[in-house]
Asker: 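Starting off with a structure, shown below.
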Amino acid sequence: MMEPLLLFALALLVSPSHTIETKVTINPNGEGLPFDGHGGLSAGASSRLLYDYGDPHRSNILDYLFKPQFGANLHVCKVEIGGDTESTDGTEPSHMHTRDDLNCTRGYEFWLMKEAKARNPDVITYGLPWGAPGWINNQTGYYGPEMITYQVNWLKCARDYHNISVDWLGLWNERPWGTPDYVKALKKAMEQENLETKIVLGDGGLPDVLQYQNDTEFMDAFEAVGLHYPCDNKDTLPLIQAGKKVWASEDWWSEADWGGAACWAKLFNQNFIRMNLTSTISWSTVWSVYPVVDIFEGSGDPISGDGFWGPGLMYAYQPWANHYTVAPTVWTSAHTTQFARPGWKMLFNGAGNLEQGGSYLTMISPDGANFSMIIETAHAECHHCGYAPNTASTVPQNLSVKLIGSLQTIKEVYVWDTTPNISFQYMGAYPVVQGEFMLTVDTDSVYTVTNTRGQSKGTSSVPPNESALFPSKYKDLFDAYYAESTPKYWADQCGSFQIMPSAGGRNGMALQQRVVEHPGVNQWSNNLKYPITVLGSYAFNDSTVSVDVYIPAQKARVASSNNISFKYEAGRITGGSYDQAVTFDTLQKAMSFCSNTPQCNAFTFNSPSKSPSGAIKYWFTSLNKVEYDSAWQSYVIDPPRPPPPAPLATFAGLCTRVSKADGQTDAICLRTNGTTFQLLEIAEGVEVIHAEACHRCADSSSQTPWVSLELTTVGMNVTAFIDGKMVSSINAIGKSGMFGLQSSWDVVQFDNFDFQVTG
């Protein structure tokens, strides 16, 4: 390990005549812009599984992300304001499920900001909604008085309950920014509540706000504009000249291997060089998402442990194993974030492109006594916008630096280096002679040259565990959690599920689906048809899974079978949308079965007697027209029963072999409304009902209001049980997947979840 040190030491002293040279003069009094800090974005449920890690591992992950001069040292913690709506990798819970509801403890984004602040009180906090609940403004539009109340209440939750004074507030992720009147009204509402939060406009494309420059109140109401994946947007200068900060408020979105880490380092420099952007924020802070629930993930990653990857600066999606990955992106972050703080000056004359590819950026401390220069020559692999080959170097090159003004008294500089083979290595102290030094920068590298001290490559005393799939056996009674919390490992994909006191006569706690209205016009992207939360592994095959469900408001009770009578007719009935053969040993059992099956209007059997004895096969059908046949007998419900209502307007369901791709779900689900069940297959969001029948059609006043659901899969076969009795069996296409709890857009509860993978 000593050889690179020696080579670099020589590089600082020797300039081969054949090497191309870039000359830079660093004037601390030169013009520039205030550095607003680099950071990460937790949104789209991208941090969901992080919360479930056990300590010290969870604390170690947070140290790598936010602890000063330890790891990534992120300056900005940007989070989603949960809105009960699909926001990329699932849904995040709202602080206001309904107009009359307010709870400041739901979800994990307040927790994440608190943890970031605990490690660095100077961390900048930033909230942004992706969408909002359906009740906001009664579906007349996202922007309006209720959205102002909604956003202000979130800020007050942060301040009054969590002791976080949120620094910045965005309006709507990657959607229209509203109107000047809305922005002014929001600002007034914030001021009335003594909130010091500043407003960011845009958070997507470049907003056309300068057309309102004559509206002084509007221009004073916001202070920054956020761009997403700006690449090389040339239209930022007028906003900067108007006194507005302009940021890459969401950027990067790449794999966290070396190519992605090089992209991250290049963005820090190029976003300032190309567009004068003073902050760059990664989506995401940490990738804590189940594999195979998001279209933005990939496979084949050599560092994640199981081959999957997603756009996070770290990987942490196996809390059951306490496995995580400290990726190279942590250390390319550190090359900037450990050497400059928000408030330093980003120098125009200290930033530019190297002659042979690569770039450099210099920042100066407020007192002008310290500098840090970040140099990158790396071959970046950015998934969102490409960089031409000339932005990376193919040969070593010299960089000659002259320090003037208050910096010319510096006697030595300290150098750190990261390459594909070494991460954030301290290369030593090197002399500055009469304010000048020269270094040879190698290809595919990131360097920092500084006169500051205190940086470090942090290492946790307890390393992460080995990668492991989700356990093959798991049970959760939901009684170990407090109200409004999210139980371990469940990841909401639509709707919102929290722990609440059990209903239906049970003691303890249960998992409750809370959202009763589709987000509609307030959504960010298309939601699934019904609320669902998932748990487990994409690789699960043969298994048995069970759960108890409670449906308080049952909109689909069918008529009691006690009122049904039958009329005898000689002959047979064939066909029908419902057509099922079952063997019974008495005629009375056949009548009871038809009475308790909503689709059944008659049954027929092959016998010379209308009152057969012994076991024979009965055919049950939705038709009631009898055709004379002396060898057959039929019984028809008389008077005919009315068509059954839609049986599952309200339901709770259990799903197996769940997978999600391109915003749609594949699954096999067993649903009930308390009396009627459906066994159905969902393929790319399209539902195919394989079985539908009544399982509690008799007077159920003496039965528990809770219903037990179970699905057993063996190979292609899926068998459904309700209250311990088999009700149906199908052969399904899906071969593997997770488990899910599903509901209609109603308040329902789940309890005593249990599964075992058997093959």
Side-chain angles (χ1 to χ4, degrees), residues 4 8 11-12 19-24 26 35 38 72-73 231-232 248 251-252 254-280 282 313 327-340 346-347 350-363 371-401 413-427 438-450 455 457:
F8 199 86
L12 283 166
T19 304
I20 301 295
E21 182 174 301
T22 299
K23 295 183 178 181
V24 181
I26 304 301
F35 176 46
H38 298 317
N73 197 163
C231 297
D232 193 11
D251 211 338
W252 187 60
S254 296
E255 192 171 354
D257 61 1
W258 172 248
C263 173
W264 187 226
K266 193 176 291 290
L267 286 173
F268 284 170
N269 285 8
Q270 290 292 344
N271 281 350
F272 182 73
I273 294 167
R274 295 180 174 191
M275 297 168 282
N276 295 153
L277 308 186
T278 54
S279 175
T280 297
S282 161
L313 300 178
T329 38
V330 168
W331 306 117
T332 55
S333 297
H335 273 279
T336 297
T337 54
Q338 286 201 30
F339 295 89
M346 307 176 82
L347 275 180
N353 293 314
L354 297 171
E355 293 290 339
Q356 291 293 298
S359 64
Y360 59 93
L361 170 65
T362 309
M363 290 196 248
F371 86 100
S372 294
M373 174 182 280
I374 303 93
I375 307 146
E376 60 79 24
T377 62
H379 292 261
E381 294 180 11
C382 299
H383 285 233
H384 57 280
C385 59
Y387 283 95
N390 63 5
T391 63
S393 66
T394 58
V395 295
Q397 55 189 310
N398 284 345
L399 178 62
S400 176
V401 180
V413 292
Y414 314 107
V415 181
W416 295 72
D417 185 19
T418 293
T419 72
N421 301 314
I422 60 171
S423 295
F424 205 56
Q425 182 168 327
Y426 177 58
M427 307 298 289
M438 179 183 292
L439 58 97
T440 298
V441 293
D442 206 348
T443 60
D444 220 13
S445 301
V446 181
Y447 299 102
T448 304
V449 183
T450 185
Q455 298 79 17
K457 182 180 180 179

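Keep in mind that this is a model prediction, so the values were computed, not measured.
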Asker: With side-chain contact (heavy atoms from CB on, under 4.5 Å) as the criterion, how do Cys231 and Met275 come out once you've worked through the C-alpha distance, each side chain's angles and the decisive distance to 0.1 Å?
Answerer: CA-CA 9 Å; Cys231 297; Met275 297 168 282; 5.9 Å; no
Asker: Out of curiosity, Ile375 CD1 to Leu361 CG, how far, rounded to the nearest 0.5 Å?
Answerer: 10.5 Å
Asker: Measuring only between side-chain heavy atoms, which start at C-beta, is Trp264 closer than 4.5 Å to Ser333?
Answerer: yes
Asker: Report yes if some heavy atom in the side chain of Ser445 is under 4.5 Å from a heavy atom in the side chain of Glu376; otherwise report no.
Answerer: no
Asker: Can you see which heavy atom on Ser254 is nearest to which on Gly260, and at what distance?
Answerer: CB-CA, 4.2 Å
Asker: Is a donor on one side and an acceptor on the other found under 3.5 Å between the side chain of Lys266 and the backbone of Ala378?
Answerer: yes
Asker: With a 4.5 Å cut-off on side-chain heavy atoms, are Val415 and Thr448 touching?
Answerer: no
Asker: Looking at Leu313, is its backbone amide N or carbonyl O close enough to the side chain of Thr329 to form a donor-acceptor pair, meaning the two atoms are under 3.5 Å apart?
Answerer: yes
Asker: Counting only N and O atoms by type, is there a donor-acceptor contact under 3.5 Å from the side chain of His379 to the main-chain atoms of Ala392?
Answerer: no
Asker: Does the pair Met373 and Thr450 meet the rule for a side-chain contact (heavy atoms from CB on, under 4.5 Å), with working shown?
Answerer: CA-CA 6 Å; Met373 174 182 280; Thr450 185; over 6 Å; no
Asker: State, to 0.1 Å, how close Thr332 and Ala261 come at their nearest heavy-atom pair, and which atoms those are.
Answerer: OG1-O, 3.1 Å
Asker: Can you tell me how far the OG atom of Ser359 sits from the CD1 atom of Ile273, to the nearest 0.5 Å?
Answerer: 4.5 Å
Asker: Which pair of heavy atoms, one from Thr377 and one from Ser393, lies closest together, and at what distance?
Answerer: CB-OG, 3.1 Å
Asker: Using modelled atom types only, decide if a donor and an acceptor are shared between the side chain of Thr418 and the backbone of Phe424 within a distance under 3.5 Å.
Answerer: yes
Asker: Quick one: pull up CD1 in Ile374 and CZ in Phe272 and give me the separation to the nearest 0.5 Å.
Answerer: 11.0 Å
Asker: Ser400 and Glu21: side-chain contact (heavy atoms from CB on, under 4.5 Å), yes or no, with the steps?
Answerer: CA-CA 7 Å; Ser400 176; Glu21 182 174 301; 3.7 Å; yes
Asker: Do Thr278 and Met346 have side-chain heavy atoms sitting under 4.5 Å apart?
Answerer: yes
Asker: Heavy-atom distance under 4.5 Å between the side chains of Val449 and Tyr414, does that happen here?
Answerer: no
Asker: Can you find a heavy atom in the side chain of Phe371 that is under 4.5 Å from one in the side chain of Met363?
Answerer: no
Asker: Looking only at non-hydrogen atoms, find the nearest pair between Asp417 and Ile422 and report the distance.
Answerer: OD2-CD1, 3.8 Å
Asker: Supply the atom-to-atom distance Asp444 CG to Trp258 CH2, rounded to the nearest 0.5 angstrom.
Answerer: 5.5 Å
Asker: Could you grab the distance from atom CG of Asn398 to atom CG of Leu439, nearest 0.5 Å is fine?
Answerer: 8.0 Å
Asker: Could you tell me which non-hydrogen atom of Ala327 sits nearest to which non-hydrogen atom of Ala256, and how far apart they are?
Answerer: CB-O, 3.4 Å
Asker: What do the steps show when you test Thr280 against Asp251 for side-chain hydrogen bond (donor to acceptor under 3.5 Å, both in side chains), and what is the final call?
Answerer: CA-CA 7 Å; Thr280 297; Asp251 211 338; 5.0 Å; no
Asker: Mind checking the CG-OG1 spacing from Leu347 to Thr362? Nearest 0.5 Å is all I need.
Answerer: 6.0 Å
Asker: What closest approach, in Å, do Gly350 and Ile26 show between heavy atoms, and which atom pair accounts for it?
Answerer: CA-CD1, 3.8 Å
Asker: Would you please classify the geometry between the Phe339 ring and the His335 ring as parallel, tilted or perpendicular, with 30° and 60° separating the classes?
Answerer: parallel
Asker: When the aromatic ring centroids of Trp416 and Tyr447 are compared, is their separation below 6.0 Å?
Answerer: no
Asker: Within the structure provided, determine whether Thr443 and Gln397 are in side-chain contact (heavy-atom separation under 4.5 Å).
Answerer: no
Asker: Step by step, work out the side-chain contact (heavy atoms from CB on, under 4.5 Å) result for Thr419 and Gln425.
Answerer: CA-CA 9 Å; Thr419 72; Gln425 182 168 327; over 6 Å; no
Asker: Is there a side-chain contact between Pro396 and Gln356, using heavy atoms and a 4.5 Å cut-off?
Answerer: no
Asker: For a quick check under 3.5 Å, do Gln270 and Asn353 share a side-chain donor-acceptor pair by atom type?
Answerer: yes
